[in-house]
There are 2 protein chains.
Amino acid sequence: MRLTTKGRYAVTAMLDLAIHAGEGPVSLADISERQGISLSYLEQLFAKLRRNELVRSVRGPGGGYQLNREQRDIDVAQVIDAVNESVDATGCGHSGGCQDGNTCLTHHLWCDLSSQIHDFLSQISLADLMTRKDVKTVAERQDREQLASFEDSLISAKVTA
Amino acid sequence: MRLTTKGRYAVTAMLDLAIHAGEGPVSLADISERQGISLSYLEQLFAKLRRNELVRSVRGPGGGYQLNREQRDIDVAQVIDAVNESVDATGCGHSGGCQDGNTCLTHHLWCDLSSQIHDFLSQISLADLMTRKDVKTVAERQDREQLASFEDSLISAKVTA
DNA sequence: TAAAGCCTGACTGAATTAGTTGGTTAAATA
DNA sequence: TATTTAACCAACTAATTCAGTCAGGCTTTA
């Protein structure tokens, strides 16, 4: 099982996309600012998300990314799979060749755990996450912060002008 | 959440210990041979397991390790915690300071997942694992292999003598 | 007293993460 | 049409972790 910031970043970014879906394509620069993830790292993640057809892109000014399906048809497991290539606790890729060709003593335990985790994450869609109170609260805070820093940049632009 | 060969090795070794509990202390050399884990790596893992009071050691010739509790009182989560220091999917250690001091958008999701995994693993004891058919099958194979390689070494000792 | 075991710490190669740098291409707008 | 915006792409890198080795201890008991 591989669950690092990589997968967390991907899910966070996808949720940000879902939250701001009503405002047209969302640029990676916006996501970067709101979620505190480096722009170029986001580019790498979205390349994979796009190859897995979870998002579609709109190029040029005013462009950005959009979800490629309904929010309830994208679950967390799909997003993590897309960037991690595999969500697997076995280490032998379920093949059973963990101990020079044979299955190791605990092979089946890790198989069970893998499917447990996968089941859990695949039952949670972006739509589900959006309805959560804690998600709403954090999203509102992030929007406020982004607006504030935008206004700041307007002021400093005026000062330097 | 951190689940790598490290935790898997630890659980495998503990299960080996449980299986061969009837034969007195089990040496790391035996575990190393049966489970295909390097001896010095096992030493590192068992140092942590001992500090966490999951095993006790018997020194001197014929010595080795033994479980420090009943098999049903040692669960998989305890073993993984002992060698990994933490089994946590959040990345902020449940503190909520994931996004420069504030909680990130998906913080609670990872909290939920962490406890899901922990619950699953803490409900499986070494005693539970021992009753599994797949575990028994693999254990028998490993014992046969070890015996075979021991007999081989006897023969080659005779030849060189 | 020596063999067999444990303990410690320092070190290493490989892989992965989390980026950075420096471009290019496509589309909208001025 | 030139410029700007933002996606796209590829190579590189610093830091970390994993998995394991190595060297040299120290303890216990046959």
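All values reported here derive from a predicted model rather than from experimental measurement. Per chain, numbering begins at 1; letters A, B, ... match sequence-line order.
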Peer 1: Mapping Gly7(A) and Phe46(B) onto DNA chain C by nearest heavy atom, which one lands closer to the 5' end?
Peer 2: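 Taking each residue's closest nucleotide, the earlier one in sequence belongs to Phe46(B).
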Peer 1: Nearest whole angstrom, please: distance from the P of dC9(D) to the CG of Leu28(A).
Peer 2: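 After rounding, the reported distance stands at 13 Å.
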Peer 1: Test of understanding: with side chain to side chain contact (heavy atoms under 4.5 Å, CB included), list the residues that count as partners of Ser122(B), not counting sequence neighbours.
Peer 2: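 With neighbours one apart ignored, the set is Asp75(B), Ala77(B), His118(B).
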Peer 1: Between the side chains of Trp110(A) and Thr106(A), is a donor N or O closer than 3.5 angstrom to an acceptor N or O?
Peer 2: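 Distance-only check passes for Trp110(A) and Thr106(A).
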Peer 1: What is the distance, rounded to the nearest whole Å, between atom CG of Leu42(B) and atom C1' of dA4(C)?
Peer 2: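 Going from Leu42(B) (CG) to dA4(C) (C1'), I get 17 Å.
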Peer 1: At under 4.0 Å between heavy atoms, which parts of nucleotides 20-30 of chain D does protein reach? Answer with one letter per nucleotide, 5' to 3': B base, S sugar-phosphate only, - none.
Peer 2: BBB---BSBS-
Peer 1: Around Glu53(A), counting heavy atoms of other residues, nucleotides and ligands shown, do more than 12 lie under 6.0 Å from its CD?
Peer 2: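 Open: at most 12 neighbouring heavy atoms sit under 6.0 Å from CD of Glu53(A).
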Peer 1: Please list, in numerical order, the residues of residues 62-69 of chain B that have a heavy atom closer than 4.0 Å to any atom of DNA chain D.
Peer 2: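 Close to the strand, none.
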Peer 1: For Asp73(A), what residues pass the salt bridge (charged side-chain N to carboxylate O under 4.0 Å, His left out) criterion, not counting sequence neighbours?
Peer 2: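 Asp73(A): no salt bridge (charged side-chain N to carboxylate O under 4.0 Å, His left out) contacts found.
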Peer 1: Strictly by ring pair (Phe, Tyr, Trp, His ring centres under 6.0 Å), give each pair with a member in residues 48-75 of chain A just once, sequence neighbours left out.
Peer 2: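 Every ring pair (Phe, Tyr, Trp, His ring centres under 6.0 Å) pair that includes a residue of residues 48-75 of chain A, provided the two are not neighbours, is Phe46(A)-Tyr65(A).
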Peer 1: Grab the CZ-P distance between Arg51(A) and dA7(D) for me, whole Å please.
Peer 2: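 Distance, rounded to whole Å: 16 Å.
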Peer 1: Among all residues two or more places apart in sequence or in another chain, which pass the side chain to side chain contact (heavy atoms under 4.5 Å, CB included) test with Ala127(A)?
Peer 2: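 Side chain to side chain contact (heavy atoms under 4.5 Å, CB included) list for Ala127(A), sorted by chain: Gln71(A), Arg72(A), Ser125(A).
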Peer 1: Quick test of your reading: applying salt bridge (charged side-chain N to carboxylate O under 4.0 Å, His left out), list the pairs with at least one residue in residues 54-66 of chain B, sequence neighbours left out, ordered by first then second residue.
Peer 2: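 Non-adjacent pairs meeting salt bridge (charged side-chain N to carboxylate O under 4.0 Å, His left out): zero.
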Peer 1: Send over the distance from Lys48(A) NZ to dG19(C) P, rounded to a whole Å.
Peer 2: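 So the two atoms are 15 Å apart, to the nearest Å.
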Peer 1: Could you tell me whether Arg56(B) contacts a base, only the sugar-phosphate backbone, or nothing, with contacts defined as non-hydrogen atoms closer than 4.0 Å?
Peer 2: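 The residue Arg56(B) makes no contact with any strand.
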Peer 1: Would you indicate, yes or no, if dA6(D) has its OP1 or OP2 atom less than 4.0 angstrom from a side-chain nitrogen or oxygen of Ser57(A)?
Peer 2: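 No, Ser57(A) has no side-chain N/O under 4.0 Å of OP1/OP2 on dA6(D).
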Peer 1: Only pairs at least two apart or in different chains count here, so list each salt bridge (charged side-chain N to carboxylate O under 4.0 Å, His left out) that has a residue in residues 23-43 of chain A.
Peer 2: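 Qualifying pairs, neighbours excluded: Asp16(A)-Arg34(A).
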Peer 1: In whole angstrom, what separates Lys6(A)'s NZ from dT16(D)'s C1'?
Peer 2: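 These atoms are roughly 15 Å apart.
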Peer 1: Whole angstrom is fine here: how far is it from CG in Leu45(A) over to C1' in dT17(C)?
Peer 2: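 So the CG-C1' distance, Leu45(A) to dT17(C), works out to 11 Å.
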Peer 1: Tell me, please, which residues at least two apart from Asp143(B) pass salt bridge (charged side-chain N to carboxylate O under 4.0 Å, His left out).
Peer 2: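 Salt bridge (charged side-chain N to carboxylate O under 4.0 Å, His left out) list for Asp143(B), sorted by chain: empty.
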